[in-house]
Number of protein chains: 2
Amino acid sequence: MDAVNKMEVLKSYIETKGLKSTAQRDFIADTFFKTNTHISLDELLKKVKRKTPGIGYATVYRTMKLLTESGLAIARQFGDGQTRYENLPEDGHHDHIICIKCSKIAEFHNQKIEQLQMEAAKKLGFTVVNHKLELYGYCPDCV
Amino acid sequence: MDAVNKMEVLKSYIETKGLKSTAQRDFIADTFFKTNTHISLDELLKKVKRKTPGIGYATVYRTMKLLTESGLAIARQFGDGQTRYENLPEDGHHDHIICIKCSKIAEFHNQKIEQLQMEAAKKLGFTVVNHKLELYGYCPDCV
DNA sequence: ATAATAATGATTTTCATTTTCAATTGCAAG
DNA sequence: CTTGCAATTGAAAATGAAAATCATTATTAT
Ligand SMILES: [Mn+2]
Ligand SMILES: [Mn+2]
Ligand SMILES: [Zn+2]
Ligand SMILES: [Zn+2]
């Protein structure tokens, strides 16, 4: 799904929730849709302010909250005390591996792991709704 | 390792770090060593205050930090905004599955998953130091 | 006993959110 | 095009968990 389609999904989400469309929200969402990193609120605010200095932190915060609940953004916690947001991945769910030295983030997906998780949960009588798998270590550049 | 042995490990950690032994710290550590839950600072403080009302939050905070860096406690973040501590498990590392309705926590360990994690990391050139795997869903009691 | 140094506990500070609120804006109805 | 009203905005304040501060107290080696 590209930025244009995402914007359409957002529009219809806003519609069904009885919300109103605003230029600030559209611009923040569009800016976010064009990122391909795991971006923090501060980073996104800085990016947004470059073209639209008037926009406030709270509006960025609220927009990302909206995008998250509409399923267009994913909120991630990598343990540095800051929530980071990423776009809905093109190729489905993925997990992360984070360098504890330079903070580089790589992504991976392993269907076998997902399968084993489900089995482990089932063995305990649990039904899995979602999961978090993060590996921490050193990236190739940091040995 | 039982509470007595843990206390000995703590003593020698304190020794090598040139720290001093205190009644408060001993009591907090002992209280923690006897828990078998994933306890928050507030919960531990409350438990400690029952027998020793004079002890302050900061001392509990500092003691758990000490236990964590000495390897006698493990700090966990289950996404509710509160750090929880658990005792070093008898049977090695384990992961968690958390009920999103009643917050019940179950533990599991799957060597195959751990193995696949290492392989996934290796494929990306990373070396894994530690990892976090949490499953979220419904426990048997919550359907 | 003394001196040096670590620990304590109350309090304050930090910092990332989250909420509040008055002013502004979007939009549907007339 | 107005009007009415609910939603939105941005600045500021509030929140809450974690971390730091600091005067006082306790521990330990000498
Ligand atoms: Mn990602
Ligand atoms: Mn556990
Ligand atoms: Zn690195
Ligand atoms: Zn449950």
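Lettering of chains follows the sequences in order, A, B, ..., and the numbering in each one begins at 1.
Contact annotation: A:Thr22 does not reach the phosphate of D:dA7 (side-chain N/O to OP1 or OP2, under 4.0 Å). Using a 4.0 Å cut-off, some side-chain N or O of B:Thr83 falls inside it from OP1 or OP2 of D:dA18.
In this structure, A:Glu43 atom CD and C:dT17 atom P are separated by 11 Å, rounded to whole Å. As rounded to whole Å, 14 Å separates atom C1' of D:dA26 from atom CG of B:Leu19. With rounding to whole Å, A:Leu41 atom CG is found 13 Å from C:dC15 atom C1'. The interatomic distance linking B:Ile28 (CD1) with C:dA7 (C1') rounds to 11 Å, in whole Å. Following rounding to the nearest Å, B:Lys17 (NZ) and C:dT5 (C1') show an atom-to-atom distance of 17 Å. A straight line from CG of A:Asp26 to P of C:dG26 spans 10 Å, rounded to a whole angstrom. For the pair B:Asp80 CG and D:dA17 P, the computed distance is 9 Å after rounding to whole Å. Going from atom CE of A:Met64 over to atom P of C:dA16 covers 17 Å, rounded to whole Å.
Taking the nucleotide of DNA chain D with the nearest heavy atom to each of B:Gln82 and A:Ser21, the more 5' of the two is matched to A:Ser21. DNA chain D is contacted by both B:Lys20 and B:Tyr61; B:Tyr61 maps to the nucleotide lying nearer its 5′ end (nearest heavy atom per residue).
With salt bridges taken as basic N to acidic carboxylate O contacts below 4.0 Å, none links A:Lys46 and A:Asp42.
The base of D:dG10 sits within donor-acceptor range of the side chain of A:Arg62, with an N or O pair under 3.5 Å.
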### Message
Quick one, A:Val128 with A:Lys122, criterion side-chain contact (heavy atoms from CB on, under 4.5 Å). Give me CA distance, side-chain angles, the key distance, then yes/no.
### Response
CA-CA 8 Å; A:Val128 179; A:Lys122 196 174 180 183; over 6 Å; no
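Minimum atom distance to the side chain of B:Gln24 is reached by C:dG9, of the listed C:dT17, D:dA18, C:dG9. The side chain of A:Ala58 lies closest to D:dG10, out of C:dT18, D:dG10, D:dA18.
Between the side chains of A:His96 and A:Glu86, at least one donor N or O lies within less than 3.5 Å of an accepting N or O.
Crowding of A:Tyr85 atom OH: a count of heavy atoms from other residues, nucleotides or ligands under 6.0 Å exceeding 12.
For A:Lys65, the salt bridge (Lys or Arg N to Asp or Glu O under 4.0 Å) test picks out no residue, with sequence neighbours left out.
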